[in-house]
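Sequence lines set the chain letters: A, B, ... in the order given, protein chains first and strands last, and positions in each chain run from 1. No hydrogens, no waters, no symmetry mates; every other heavy atom, side chains included, goes into these values.
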Amino acid sequence: MTNHVRVRFAPSPTGMLHIGGLRTALFNYLFAKHHKGSFVLRIEDTDQARYVPDAEADITTSLKWAGLHVDEGPDKGGKFGPYRQSERSELYSKYAAKLVEDGHAYYAFDTAEEIDNMRQRLQSPDNPTPKYDSVTRMEMKNSLTLPADEVKKRLESGEPHIIRLKVPENETIRFDDLIRGDVSFESRGLDDQVLLKSDGLPTYHLANVVDDHLMEISHVIRGEEWLSSAPKHILLYRYLGWKPPVMAHLPLIMSPKGGKLSKRNAEELGIPINVRDYIAGAYEPAAVINFLAYLGWSTGDDREILTPDEMIATFSLDRVSKSGAIFDLKKLEWYNEHYLRAMPVPQLAGRVREVAEREGYTGLTDAYLETVVRLMIERSVRMPDIVEQGRFLFDAPKTIDEGAVKKAWKENTGELVTEFRDKIAGLSEAEFTAAQVKAVLSGVVEAKGIGFGKLMLPVRLAVTGAGSGPDLFQTMALLGRDEVIGRINRSLDQLATK
RNA sequence: GCCGCGUUCGUCUAGGGGUCCAGGACGCCGCCCUUUCACGGCGGUAGCACGGGUUCGAAUCCCGUACGCGGUACCA
């Protein structure tokens with residue numbers, strides 16, 4: 001298994017890259033890197049109707065963001081290209097024709113209506129979705145039922161047609177899945193899968209088999225939603241005379257509400273569904289990757305935080321679980337906090353600057369921003385929280401928390417705060433340090449013989465507008481004497497007129 | 001309906017016949033730290049779906065049931 005491991009991530013550009021897709025990509029990537037193999041990106045754009053022009057760029061951007069670098073792909077090239085299926089269409093029709101020639105596939109001329117009619121005719125409570133299969137194909141319009149010369153005539157006249165796989169009537173198809181072990185299907189339960197569509201393009205089933213073989217893919221690692229069609233793929237490998245790659249079907253990522261994680265059942269829970277939403281939400285890629293890695297996989301020891309290298313070193317498919325994993329946003333947030341706090345302050349400050357400037361807080365020094373980061377980091381989940389939760393460090397509060405005022409602002413509070421203000425006004429800007437300001441406040445408190453909080457809380461309210469937050473004295477020192485005094489004056493006015 | 005795959009704390013999981021009256025992490029709860037909040041530290045809550053086997057012994061093996069999920073397209 002250590003020989004020439006080649007895996008692929010093969011998304012179809014029908015929409016933005018899904019978080020579940022990123023997890024599939026991650027597992028492929030980790031497996032490839034663990035075995036010193038290749039990670040291939042292949043774009044499965046065989047569905048003209050659902051094609052989304054921006055999707056491929058989104059996939060590429062998302063993988064880069066996550067740090068999953070591809071060894072071969074549309075942008076990167078490689079000796080197995082092209083890596084877009086739309087650029088390989090002749091290949092598929094060639095193999096489809098060969099399959100027909102060998103008697104393992106056949107031409108079908110049925111219109112959509114005719115297939116519909118068949119389904120309606122055969123539909124019953126016992127069989128709600130009749131298939132085009134080994135029993136019904138003999139009553140349809142195809143090269144198995146039509147005389148050879150008529151088939152030829154139809155083909156030559158350019159009549160729209162498709163190619164279907166001729167699934168054997170009664171056979172057990174089994175394969176060994178690396179995650180699930182021995183899996184078997186009865187061929188009678190399979191339909192005669194369409195291989196080549198009437199637009200001349202292949203379906204996923206044909207295309208993935210042809211490409212995986214031609215690209216020398218050693219392991220197919222994909223979501224469990226593909227397990228049911230795996231036997232058809234096994235059949236195709238056999239009929240084409242190829243050795244199938246090793247299969248591994250990953251457990252699905254589920255919504256806390258049940259079912260596959262999808263836009264509908266995730267976004268209302270605050271779970272971003274597309275990778276681009278994580279990027280926009282400023283999640284830490286390392287956190288998302290660490291979180292995703294543990295969704296269906298574990299190291300077997302007690303580690304929770306892993307660097308990419310550690311993941312690569314430890315990863316193995318036999319430690320992937322079989323059952324679906326529910327997406328836990330709280331755990332992702334825990335990971336995100338962890339990685340956020342592990343980041344060097346100057347680096348974080350640089351990123352905070354971008355957010356701050358976008359909101360109009362310009363002209364701030366690096367030193368200022370770095371202090372903001374130190375003050376806010378312990379109470380932020382994502383980077384932009386530093387600005388959102390710490391807005392009072394950028395701007396005077398527009399409002400003062402009503403509830404906190406009710407609790408902390410008593411009869412004589414105004415006078416106390418006024419006295420504190422007058423005292424700090426006597427400090428020079430240079431003297432206006434956290435320690436000094438704290439000493440001033442302590443002095444007032446002691447002189448009045450009251451509790452520390454009786455004055456500290458009102459001052460906090462007056463300066464930040466909130467009843468809680470980072471250390472008040474460091475906050476005031478950062479803001480500076482004049483700003484603090486200005487805010488206190490405005491708050492005093494505001495609270496006096498109530 | 002049929003086919004397939006699953007089922008250990010609320011969640012992610014460890015566990016691959018005795019060392020498990022089941023371990024870790026997130027969450028939740030409590031205490032400590034702090035004359036704010038948060039961080040941090042400490043502690044706690046909580047689980048082998050059910051029923052039959054096999055075995056001296058089962059969370060671990062087998063069968064069945066229930067439940068969940070996936071598939072059942074000229075979509076991937």
Only counting residues at least two apart or in another chain, list the ones meeting side-chain hydrogen bond (donor to acceptor under 3.5 Å, both in side chains) with A:Arg264. none
Tabulate atom names and distances for all N/O pairs under 3.5 angstrom spanning the protein and nucleotides 14-18 of chain B.
| unit_1 | atom_1 | unit_2 | atom_2 | d |
| --- | --- | --- | --- | --- |
| B:rA14 | OP1 | A:Ser298 | OG | 3.2 |
| B:rA14 | O3' | A:Arg319 | NH2 | 3.3 |
| B:rG15 | OP1 | A:Arg319 | NH1 | 3.1 |
| B:rG15 | OP1 | A:Arg319 | NH2 | 3.3 |

For B:rG51, give its Watson-Crick or G-U wobble partner with both distances under 3.5 Å, or none. B:rC63
Would you mind building the protein contact string for nucleotides 26-34 of chain B? One character per nucleotide, 5' to 3', B for base within reach (heavy atoms under 4.0 Å), S for sugar-phosphate only, - for untouched. BS-------
Any idea which heavy atoms bring A:Ile326 and A:Pro256 closest together, and the distance? CG2-CA, 3.6 Å
Same-atom distance (C1') from B:rG17 to B:rA73, integer angstrom: 47 Å
Counting any heavy atom closer than 4.0 Å, what does A:Pro125 reach on the DNA or RNA strands: base, sugar-phosphate only, or nothing? sugar-phosphate
What is the base-pairing partner of B:rC2, counting Watson-Crick and G-U wobble geometry with both distances under 3.5 Å? B:rG71
Watson-Crick or G-U wobble partner for B:rC26, using a 3.5 Å limit on both distances? B:rG10
Protein heavy-atom contacts under 4.0 Å, written 5' to 3' over nucleotides 69-76 of chain B as B (base), S (sugar-phosphate only) or - (none), form the string SBSB-BBB
Looking only at atom C1', what distance separates B:rC33 and B:rA25, rounded to whole Å? 24 Å
Could you work out, with side-chain hydrogen bond (donor to acceptor under 3.5 Å, both in side chains) as the rule, every residue matching A:Gln85, not counting sequence neighbours? A:Glu44, A:Asp211
C1' spacing across the pair B:rC31 / B:rU45, given as an integer number of angstrom: 15 Å
Hits for salt bridge (Lys or Arg N to Asp or Glu O under 4.0 Å) against A:Arg188, two or more places apart or cross-chain, chain-then-number order -> none
If I pick the P atom on B:rU19 and the same atom on B:rU60, what distance separates them, to the nearest angstrom? 13 Å
Counting only Watson-Crick or G-U wobble pairs whose two distances fall under 3.5 Å, which nucleotide matches B:rC39? none
